[in-house]
Amino acid sequence: MDDLVRLLTLRDANTRVVLLGATLLGIAAALVGTFAVLRKRSLMGDAVAHAALPGIACAYFVAGRSFVALLVGALVFGVLSAAFVSLVKATTRIKEDAAIALAIGGFFGLGVVLSRIAQNQPGGNRAGLDTFIYGKAASMVSADARLILAAAVVLALATALLHKEFKLLCFDRDFAATQGWPTLGLDLLLMGLVCVCTVVGLPAVGVVLMVALLIIPAAAARFWTDRLGPMLALAAGFGGASGMLGVALSAVVPAPASTLSRGWPTGPLIVLVAAGIFVASMIGAPRRGLVADLVRRVRLRRRVALQNLLRDAFERGEETGDPARPWTPRDLRRPVRGETLRRAVARGLARPGTAGFVLTPEGQAAAARVIRAHRLWELFLIEQAAIAPDHVDRDADEIEHVLPASVIAALEARLAAVDRDGPRETPIVPPSPHAPGATP
Amino acid sequence: MKLAGPEAAGIHARAAVPAAAGRAGVGVSVEVHDVTVAYGRKPVLWDVDLVLPEGRLVAIVGPNGAGKSTLLKAILGLVPLASGRVTIFGEPLRRVRREIGYVPQRETVDWDFPIDALGVVLMGRYGRLGWIRRPGRADREAARECLRQVGMEDFAGRQISQLSGGQQQRVFLARALAQDARLYFMDEPFAGVDAATETAIVEVLRRMREAGRTVVAVHHDLQTVPEYFDHVVLLNMRLVASGPVEATFTRENLQRAYGGRLTLLDEAAEAIRRGGGGA
Amino acid sequence: MSWHTIGGYEVRADDLWTVATAAACSVSCGLVGCFLVLRRLSLLGDAISHAILPGLAIAFMVSGSRSPGPMLVGAMAVGVLTALLSSGLSRWGRVPADSSMGVVFTTLFAVGVILISFAARDVDLDPGCVLYGSVEMTPLDLVPVLGVEMPRALAFLGVVLLVNTAAVVVFYKELKIVCFDPYLATTMGISAAAVHYGLMTLVAATSVASFESVGSILVVAMLVAPGATAHLLTDRLSRMLWIAAGVAALAAVVGYAMAVALDTSVAGMIATVALGQFVLAALASPGQGIIAKQVRRLGLAARICREDALGILFRCQENAGGGLSAREFRSRVGGGGALGRAVVRWMRWVGLVEAGARGEVRLTSRGLEESSRVVRGHRLWESYLASRAGVDPSRVHEPAHRAEHYLSDSMRDRLQDEVKERSDPHGREIP
């Protein structure tokens with residue numbers, strides 16, 4: 001409890017730095033990652049991140065421990081790996097996925113070799129690789145946080161200024177090319193931004209988890225919106241929140257008692273928070289979420305079942321010539337579920353009688369509306385869209401349940417000949433085009 | 001960039017004698033000189049030599065695999081040429097890019113992209129905006145007007161995957177309109193669209209022609225060629241015929257394009273393929 | 001410490017064990033990797049090899065030991081889970097395929113890191129070893145197998161190698177057809193899904209066996225590089241598998257030797273060598289390589305240049321009876337460039353052309369024979385295009401100029417049969 005208070009009030013300078021750094025990193029990675037995900041290049045980030053290792057090792061040989069040199073080295077190799085992937089894809093029969101995997105494994109192998117050699121040199125750093133892969137967010141110092149801040153500002157600026165260009169590139173590359181935009185250059189620039197972000201984040205969260213920060217917030221944000229602007233904002237929010245919550249949790253939550261470990265590692269916790277946001281988004285997002293999807297599907301199925309029931313009951317009335325004649329579910333053309341029947345009764349569309357069910361006047365009217373829409377649509381398809389009449393019924397079956405009232409109204413207007421005398425209480429049901437003697 | 005005003009180009013179109021399209025009378029929009037294109041080692045276009053008139057609706061027709069889309073992409077610089085060159089309005093492509101509109105085949109687009117119909121149309125204005133500048137209110141208005149022209153103004157805020165095939169096509173047509181280009185390339189604009197959209201597209205194409213624009217479209221429906229287009233290019237890996245529809249769209253030419261390929265020509269193509277493309 | 005003598009060099013037994021372990025790892029990865037490359041699932045291999053971390057950690061915690069049984073089960077379960085989750089996310093969540101893989105494997109990796117950081121204090125699972133392996137250490141941990149003391153890792157990898165080989169041999173046909181056309185396979189009653197998840201299980205098992213030796217990231221290179229290299233070297237699946245196995249073993253041996261020489265990580269060096277092999281194959285493969293393509297192109301350009309030169313002289317002699325001045329000839333062949341000059345020199349050397357009485361260049365009788373064949377092809381082609389293919393006579397020269405270099409003798413004869421004329425559309429005689 002005391003820890004939590006200390007954390008939330010940011011009293012501890014060290015926690016403040018780590019919290020700020022992780023939050024900013026999450027935001028920056030999410031902004032760049034959104035475009036990488038939309039460009040279907042999210043795993044290129046993986047390759048670029050792994051390729052940073054040999055770059056860092058090379059820079060170490062050349063310039064020692066200068067951080068700028070390490071950054072430049074990582075950038076150079078990151079772009080090199082992106083170029084390797086493009087080149088392999090363009091000049092050989094090897095596909096992009098294998099090229100990316102080759103870059104990940106091969107460049108990383110080179111990095112391991114080089115950094116081991118570097119470590120063997122006098123004065124070499126012994127604890128290089130582990131940090132590189134897993135990251136050590138807790139040991140972030142204010143210089144790191146400042147660097148992340150600078151990178152975040154640059155990345156945010158770049159994505160804001162080039163928003164339009166990247167959008168075009170991701171959505172429709174060919175179109176962008178015909179318009180004279182340098183698509184290759186933009187692609188490389190995007191990869192360069194991914195690279196900057198990765199390199200800056202490596203010391204904090206490590207290679208693999210950096211990839212997570214690039215991909216997961218963007219993928220989560222996609223569930224909530226169908227527009228790019230809000231998606232970027234949401235992704236940035238998710239990324240920032242993951243960083244912040246991850247750090248907070250690792251500072252607050254004690255490790256399981258059975259272990260000797262002092263606490264939860266920060267980097268993986270950040271990723272787990274992001275993953276939690278992703279799962280919550282996937283399940284709970286309105287419209288694109290799984291639950292919304294399920295609800296929609298159940299509703300549609302219910303509506304279709306009810307309308308089918310009404311239609312069948314109505315048509316049975318037409319066949320027998322007596323709409324008031326009771327029927328049982330077995331009399332109808334399609335099987336009826338008890339639940340559907342109960343709902344029809346509950347809504348006052350049908351009512352149970354002694355010998356079976358009958359449609360109420362409301363039910364009659366509703367059935368007539370459904371059938372009318374169905375037959376209007378049939379006619380529309382035949383007359384307007386030159387679709388062979390044989391195929392019409394199946395299409396109409398699906399579409400009449402989907403058709404909103406406004407479209408039905410439009411159809412009515414279009415097929416004015418059907419109903420010249422204006423609207424009436426009970427709509428006229430036009431004859432089905434399948435009926436003998438009907439003119440197609 | 002100054003685009004050709006509708007009046008000026010319109011006079012062009014009307015002053016032309018329809019039968020004399022090609023080299024004389026009408027302005028030239030696209031010139032294709034001996035273009036050969038190969039995918040990998042397989043030539044898909046072979047020695048195509050072509051002059052298209054300005055201010056006309058041009059159809060590129062031919063059997064499946066005839067290289068129709070490839071010809072379009074070759075003209076637009078989207079595929080590398082194994083040999084030959086292309087000029088547009090007498091200039092190399094890169095000088096006139098901003099005067100060219102493009103409607104891609106619908107399959108090539110990522111439909112799950114987070115963008116609405118208006119956003120897609122706005123992309124048509126990006127070219128004239130240049131780097132970094134964002135589209136403003138005037139651009140939005142122009143985009144809306146373009147949507148209106150294709151009868152899609154009610155769907156401006158709809159995410160594109162939630163549009164029907166025909167509506168998607170109309171949105172892309174609206175984007176082309178928003179480009180306000182002099183020359184349009186369309187890859188199968190009528191593929192998989194409903195009758196209403198087809199009518200709407202034809203209507204828009206005619207209006208474009210009246211404004212003096214040139215439209216070059218890959219087309220698959222032979223029956224509608226004489227009705228919709230003025231000029232036809234018959235293609236079957238090689239150029240079979242090109243000219244005004246009345247003179248060119250003949251049974252004989254169609255048979256040459258669609259009737260079995262000449263075996264020796266095929267063998268030579270195969271020999272060149274094995275040799276590694278054009279000289 | 002025991003020493004053996006191989007080819008005059010003294011080699012420690014430990015070195016042999018290490019190389020054998022590395023090779024077993026590399027070859028078993030290379031075999032399954034071929035199918036990953038062909039099925040375009042390389043990145044799923046990457047994802048699985050990262051994601052098995054929590055499987056390992058859980059197996060650890062539950063069984064409390066590092067014995068292969070629980071670890072295999074844990075890793076295979078998580079490996080298949082990765083494949084299932086990735087495809088589930090992209091199907092039901094409408095997440096792009098690559099992103100869904102990224103989401104799944106990074107999350108699982110994070111879970112794994114947390115579990116290991118808790119477990120690391122109790123058991124000897126070293127986070128560093130997980131990443132880049134410690135194949136150098138394998139000879140330190142020996143177990144008796146069939147009366148021989150061999151490294152535990154090698155015993156484990158040997159079994160995996162046997163299983164992989166057996167699976168590839170037994171299910172060769174099924175794997176082949178599923179790689180080529182999953183839908184066709186399904187219609188033929190071979191469940192593409194079963195083969196897919198079977199393959200993923202093998203990948204997971206191979207990854208976990210390779211884990212100790214090469215780590216979770218370098219195993220990606222071992223999985224994909226040999227298959228990709230072999231894919232560049234052959235067009236047949238059976239050969240591709242053999243080549244991949246050979247290339248993988250070679251990478252292990254060379255990698256080990258270089259690592260020892262440079263005093264650096266063996267696993268890292270093997271991955272580097274594997275990448276190097278791929279680059280080499282991409283450059284120098286006889287069929288697919290960039291160099292081979294350039295050589296072929298150059299050869300073709302030289303032939304076209306020579307035939308053009310012959311054509312120029314033939315037409316010249318046909319019109320005026322005389323040859324061309326040496327200077328003009330040089331400037332017209334190949335545009336006077338380096339290739340053209342080389343071709344002219346070569347033609348003189350082999351006796352296709354000679355210097356005439358006034359210093360002009362003339363065709364020799366052999367040159368005349370060869371040039372008339374070229375010109376004949378050209379003019380037959382022109383006639384054919386004009387009379388049979390309906391090409392406008394004014395436009396037949398360019399295509400014929402291109403085609404003349406590719407016509408075989410039999411095609412020329414068939415052209416002769418098709419074309420009845422004795423002269424080309426420009427009225428010149430067909431030789």
Side-chain angles (χ1 to χ4, degrees), chain A residues 37 40-43 45-46 50 88 91-95 97-102 104-114 116-117 120 129-130 133-134 207-209 211-212 214-216 218-219 222-223 255-256 259-261 264-265 267-272 274-275 278 282 288 290 293, chain C residues 36-37 40-43 45-46 50 89 92-96 98-103 105-107 109-111 113-114 117-122 127-128 131-132 217-225 227-228 231-232 259 262-265 267-272 274-276 278 282 288 290:
Chain A
V37 165
K40 306 268 188 317
R41 284 287 164 84
S42 47
L43 290 175
D46 201 6
H50 282 88
V88 167
T91 59
T92 73
R93 56 160 68 158
I94 300 301
K95 306 295 182 296
D97 66 313
I100 292 177
L102 270 171
I104 291 173
F107 277 81
F108 186 77
L110 187 64
V112 171
V113 166
L114 292 176
R116 188 68 66 84
I117 294 176
N120 288 342
L129 276 175
D130 289 14
I133 307 303
Y134 296 120
V207 173
V208 179
L209 306 182
V211 177
L214 285 170
I215 300 176
I216 298 180
R222 183 68 187 89
F223 285 110
T259 64
L260 300 172
S261 178
W264 293 65
L269 264 184
I270 295 177
V271 176
L272 284 193
F278 175 86
M282 185 169 84
R288 280 177 76 96
L290 292 184
D293 223 38
Chain C
L36 289 182
V37 170
R40 305 182 189 180
L41 290 174
S42 309
L43 289 171
D46 175 39
H50 280 84
L89 276 195
W92 290 301
R94 286 184 288 177
V95 182
D98 61 333
S99 301
S100 63
M101 255 189 292
V103 170
F105 89 79
T106 54
T107 306
F109 189 80
V111 172
V113 171
I114 290 178
S117 79
F118 290 158
R121 311 293 155 120
D122 320 325
L131 292 174
Y132 40 87
I217 299 169
L218 298 177
V219 76
V220 179
M222 314 239 167
L223 279 170
V224 177
H231 194 30
L232 291 176
L262 293 171
D263 184 22
T264 181
S265 153
M269 198 44 117
I270 295 175
T272 310
L275 180 65
F278 173 78
Q288 296 279 320
I290 294 163

| Taking it one step at a time, do A/Ile94 and C/Phe278 satisfy side chain to side chain contact (heavy atoms under 4.5 Å, CB included)? | CA-CA 10 Å; A/Ile94 300 301; C/Phe278 173 78; 3.6 Å; yes
If you measure from [atom1] on [X] to [atom2] on [Y], what distance do you get to the nearest 0.5 Å?
{"X": "C/Leu89", "Y": "A/Phe278", "atom1": "CG", "atom2": "CZ", "value": "4.5 Å"}
{"X": "A/Ile117", "Y": "C/Thr264", "atom1": "CD1", "atom2": "OG1", "value": "4.5 Å"}
{"X": "C/Thr106", "Y": "A/Asp46", "atom1": "OG1", "atom2": "CG", "value": "9.0 Å"}
{"X": "C/Ser99", "Y": "A/Leu43", "atom1": "OG", "atom2": "CG", "value": "7.0 Å"}
{"X": "C/Ile114", "Y": "A/Leu269", "atom1": "CD1", "atom2": "CG", "value": "4.5 Å"}

| message | Would you say that A/Ile100 contacts C/Asp46 through its side chain, given a criterion of any heavy-atom pair below 4.5 Å between the two side chains? | response |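 No - every pair of side-chain heavy atoms lies 4.5 Å or more apart.
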| Within-4.5 Å side-chain heavy-atom neighbours: C/Leu275 and A/Leu110 |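 Answer no - side chains too far apart.
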Engaged part of [X] at the chain A interface, taking heavy atoms whose separation is under 4.5 Å:
{"X": "C/Ala274", "answer": "neither"}
{"X": "C/Leu262", "answer": "both"}
{"X": "C/Leu41", "answer": "backbone"}
{"X": "C/Val95", "answer": "side chain"}

What are the two closest non-hydrogen atoms of [X] and [Y], and how far apart are they?
{"X": "A/Gly109", "Y": "C/Thr272", "answer": "C-OG1, 3.3 Å"}
{"X": "C/Ala110", "Y": "A/Leu209", "answer": "CB-CD2, 3.9 Å"}
{"X": "C/Gly102", "Y": "A/Ile215", "answer": "CA-CD1, 3.7 Å"}
{"X": "C/Leu218", "Y": "A/Gly105", "answer": "CD2-O, 3.8 Å"}

| request: Count the heavy-atom pairs under 4.5 Å between each of C/Thr107, C/Val111, C/Val37 and chain A, then report the option with the highest count. | output: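 With the most close heavy-atom pairs to chain A, the winner is C/Thr107.
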Looking at chain C, which one of [options] has the largest number of heavy-atom pairs inside 4.5 Å, strictly under?
{"options": "A/Val113, A/Asp293, A/Leu214", "answer": "A/Val113"}
{"options": "A/Lys40, A/Arg41, A/Lys95, A/Arg93", "answer": "A/Arg93"}
{"options": "A/Ala98, A/Ala218, A/Ala99, A/Ala219", "answer": "A/Ala98"}

| task | Kindly write out the residues that satisfy ring-ring contact (aromatic ring centres under 6.0 Å, His included) with C/His231, not counting sequence neighbours, or none if the list is empty. | result |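 In terms of ring-ring contact (aromatic ring centres under 6.0 Å, His included), with neighbours along the sequence ignored, C/His231 is linked to no residue.
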| message | Once side-chain hydrogen bond (donor to acceptor under 3.5 Å, both in side chains) is applied, do any residues pair with C/Ser42, and if so which ones, sequence neighbours excluded? | response |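 Checked C/Ser42 against side-chain hydrogen bond (donor to acceptor under 3.5 Å, both in side chains); matches are A/Asp97.
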